[in-house]
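This report concerns only the one structure given below.
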Amino acid sequence: MTRTNSKYLELLSEQYPTIQSACTEIINLQAILNLPKGTEHFVSDIHGEAEAFTHILNNASGVIREKVDILFEKSLSSAVRTELCTLIYYPERKLEEIKQNEKDMYEWYRITLYRLIDVCRLCASKYTRSKVRKACPQDFSYIIDELLHTDSADRNKQNYYENIVKTILDVDRADAFITALTGVIKRLVVDRLHVVGDVFDRGPHADVILDKLMNHHSVDIQWGNHDILWMGAAAGSAACIACVLNISTKYSNIDFVENAYGINLRPLALFAQQTYTDDTDLLDHMHKAIAIIQFKLEGQAILRHPEFNMEDRLLLDKIDFKDMSVPVGGQRYALNDSDFPTIDPKNPYELTSEEADVVTQLISSFAQSEKLQRHVKFLFSQGSLYKVFNGTLLFHGCIPMTEEGDFYALTFGKTPRSGKEFMDYADALARQGYYGQDGSDIRKYGQDFLWYLWCGRRSPLFGRSKIATFERMFIDDKDAWKEEKDPYYKHVESQEMCEKILQEFGLTDQYSHIVNGHVPVRFKDGEFPVRGGGKMIVIDGGFCRAYQTQTGIAGYTMFYSSYGIRLVSHEPFSGLVDAIQHNKDILSTYVVFDTAQTRITVGETDVGRELQADIDDLNALLTAYRNGTVKEKHL
């Protein structure tokens, strides 16, 4: 049965009840197909660095400055253009600063409004008037629409145009209008935002980032390993909760856990203080206490699920408490600590009653955090393990592969799955861990699988043979810390292998690409983000300050506009105060990567293909009206 069967056409006729209404919509949709495609903005590995991310979001990786330069490079100095850009990025804060220094605010407002209208008109030029109106705040929608579509040089409307601006100033609405107009500019310059994983990590404000993403007009997220860890914690996975708190205590980030999400860490603090009595500080005690709990809980998950193939991570039962050593990878290593009062050598993975009480209270606290649950529901609703969009395959980590270059088959349950089939299956299991019925076997398995996605061997989000958390904490010899990368990372240097991956996900066009995050690009060591003969682009954003010494820059973002694909490399962000008071922007360098031979239209995108299907249906309705199989519904 086709989409255009008689019953479907009757339903469609309710929306388009006449030949004229169907024809009008066909004309509208056909016109949209010939507009330039909207600009896509790709970011990755934000790691809780809210200030730097907000700036990249506000300046659209330098595109807004580019628009301002196009308009005013020959008429305004670089300093004036820079200040105008800062106003667009941070209108409220910049207005406060300008008012302290500007002597004639009325004249400044008048000139600035004209300039902002010009910038907004340029950004709006490739969209329909209807779409631009929808991007405007309701209070100013009519006024902005009029100003954008009235030529100030047109003598017939010159007074009309100037009087709108004058009235805005006279009724003291300039600040509000500037804020609204700059918001429209930022919305129009990027049609869709792709976040290729890791909103969370050691950075202090992942919650601020998620609030901004939830208010974004069009965003999708490909889960990163740090995201899935917090998602598992919110779902009630005790192992994920312990991992989250291990990271937070290790990097002194418990203020974020307590203040942003209201997680009560007092039970853990009291337990740690009572259990560990050496002369280190309380945070060190909390770190050690939750780490031991983590290793026990992880051991329980591994024992429950031999299909995870992680038996080599069972280290607590291998400790020799006489000489305080442990075997790792066939070699025995000395431990740097001998104080393990809660580990029973006869049953090392069993929680003590005190530890069990702490875990119970933590699970309850994570479950009752309204803000965390709201953010995690957003990650589930707008996110996925991977996404195919406009010829691009996006995922954070890897597609598990064998040394020989085949897709690695993982068996969960009785069925081996690899490639796309495994990614789809893993995505579904992750959702079961959060949405499955409380207490059900499906939800319990899903919760353990969320932990597996965080750090499991062959996990597509982790991409390494092991996570050496125990070794890094208790073994000084760095030989024990080695984590081997999945063969995927070696194979994707080959164009043939990248094309094989793209084909697995249904992408056979010569212009298709893989966009990957997760692995920082070490620019200072000569690494470049484009690999696999140009088929793969790594855009680990390098937002996390801790990684910038390794990379030499603050990473990469990417743009895919109607003109093609451009990579953008960024210098570190000097801070919000510097940006506002001194108009200090992030220094960004464009790398033209793949230029389209002709400008790409909406009709060549996924949205365009959907619109074409709608046009086909409307043409079928038109035929049905004209041959009498469907009656017009004149009101």
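Side-chain atoms are counted along with the backbone in the values below, which use heavy atoms only and exclude waters and symmetry mates.
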Would you give the length of the straight line joining atom [atom1] of [X] to atom [atom2] of [Y], rounded to the nearest 0.5 angstrom?
X: Tyr114; Y: Glu162; atom1: OH; atom2: CD; answer: 4.5 Å
X: Phe200; Y: Ile247; atom1: CZ; atom2: CD1; answer: 11.5 Å
X: Cys136; Y: Asp145; atom1: SG; atom2: CG; answer: 7.0 Å
X: His226; Y: Trp454; atom1: NE2; atom2: CH2; answer: 4.5 Å
X: Thr179; Y: Leu95; atom1: OG1; atom2: CG; answer: 6.0 Å
X: Ile32; Y: Lys131; atom1: CD1; atom2: NZ; answer: 9.0 Å

Is the [X]-[Y] ring centre distance short of 6.0 angstrom?
X: Tyr560; Y: Phe42; answer: no
X: Tyr251; Y: Phe256; answer: no
X: Phe559; Y: His41; answer: yes
X: Tyr261; Y: Trp230; answer: yes

Taking [Y]'s backbone N and O only, do any of them form a donor-acceptor pair with [X]'s side chain (distance below 3.5 Å, no angle check)?
X: Thr86; Y: Thr82; answer: yes
X: Asn215; Y: Asp211; answer: yes
X: Ser141; Y: Pro137; answer: no
X: Ser512; Y: Asp509; answer: yes
X: Arg173; Y: Ile178; answer: no
X: Thr112; Y: Tyr109; answer: no
X: Asn246; Y: His287; answer: no

Checklist entry - Using 30° and 60° as the class limits, which term best fits the ring planes of Tyr89 and His55: parallel, tilted or perpendicular? => result perpendicular
For the residue pair [X] and [Y], establish whether any side-chain heavy-atom pair is separated by less than 4.5 Å.
X: Tyr106; Y: Asp170; result: yes
X: Leu502; Y: Ile514; result: yes
X: Phe177; Y: Ile144; result: yes

Only counting residues at least two apart or in another chain, list the ones meeting salt bridge (Lys or Arg N to Asp or Glu O under 4.0 Å) with [X].
X: Asp69; value: Arg65, Arg81
X: Lys134; value: none
X: Lys371; value: Asp207

Which atom of [X] lies closest to which atom of [Y], heavy atoms considered:
X: Ser61; Y: Val568; value: O-CG1, 3.7 Å
X: Val190; Y: Ala60; value: CG2-CB, 4.0 Å
X: Pro529; Y: Leu567; value: CG-CD1, 3.8 Å
X: Leu188; Y: Ala124; value: CD1-CB, 3.6 Å
X: Gly38; Y: Asp191; value: CA-CB, 3.7 Å
X: Cys240; Y: Ala233; value: CB-N, 3.5 Å

Donor-acceptor pair between [X] and [Y] side chains, under 3.5 angstrom:
X: Asp614; Y: Gln612; answer: no
X: Asp227; Y: His396; answer: no
X: Tyr488; Y: Asn516; answer: yes
X: Glu604; Y: Thr601; answer: yes
X: Glu146; Y: Tyr160; answer: yes
X: Ser562; Y: Arg599; answer: yes

Checklist entry - Counting only heavy atoms not in Lys99, do more than 12 sit closer than 6.0 Å to its NZ atom? => result yes
Checklist entry - More than 12 non-hydrogen atoms from neighbouring residues, nucleotides or ligands closer than 6.0 Å to CG on Asp281, yes or no? => result yes
Next on the checklist: List the residues meeting side chain to side chain contact (heavy atoms under 4.5 Å, CB included) with Phe389, not counting sequence neighbours, and say none if there are none.
Outcome noted: Glu40, Arg192, His194, Lys387, Leu394, Asp606
Next on the checklist: Taking side chain to side chain contact (heavy atoms under 4.5 Å, CB included) as the definition, give me every residue that meets it alongside Lys186, ordered by chain and number, with sequence neighbours left out.
Outcome noted: Asn58, Ile64, Ile88, Pro91
Item to check | Candidate pair Glu493 and Lys535, rule salt bridge (charged side-chain N to carboxylate O under 4.0 Å, His left out), full reasoning | outcome: CA-CA 9 Å; Glu493 297 295 332; Lys535 301 302 291 184; over 6 Å; no
Next on the checklist: Using a strict threshold of under 4.0 Å (side-chain N to carboxylate O), is an ion pair present between Arg115 and Asp118?
Outcome noted: no
Checklist entry - What pairs of residues pass the salt bridge (charged side-chain N to carboxylate O under 4.0 Å, His left out) test when at least one of them lies in residues 373-386, not counting sequence neighbours? => result Glu370-Arg374
Item to check | Full working for side chain to side chain contact (heavy atoms under 4.5 Å, CB included) between Ile46 and Asp201 | outcome: CA-CA 8 Å; Ile46 305 163; Asp201 191 10; over 6 Å; no
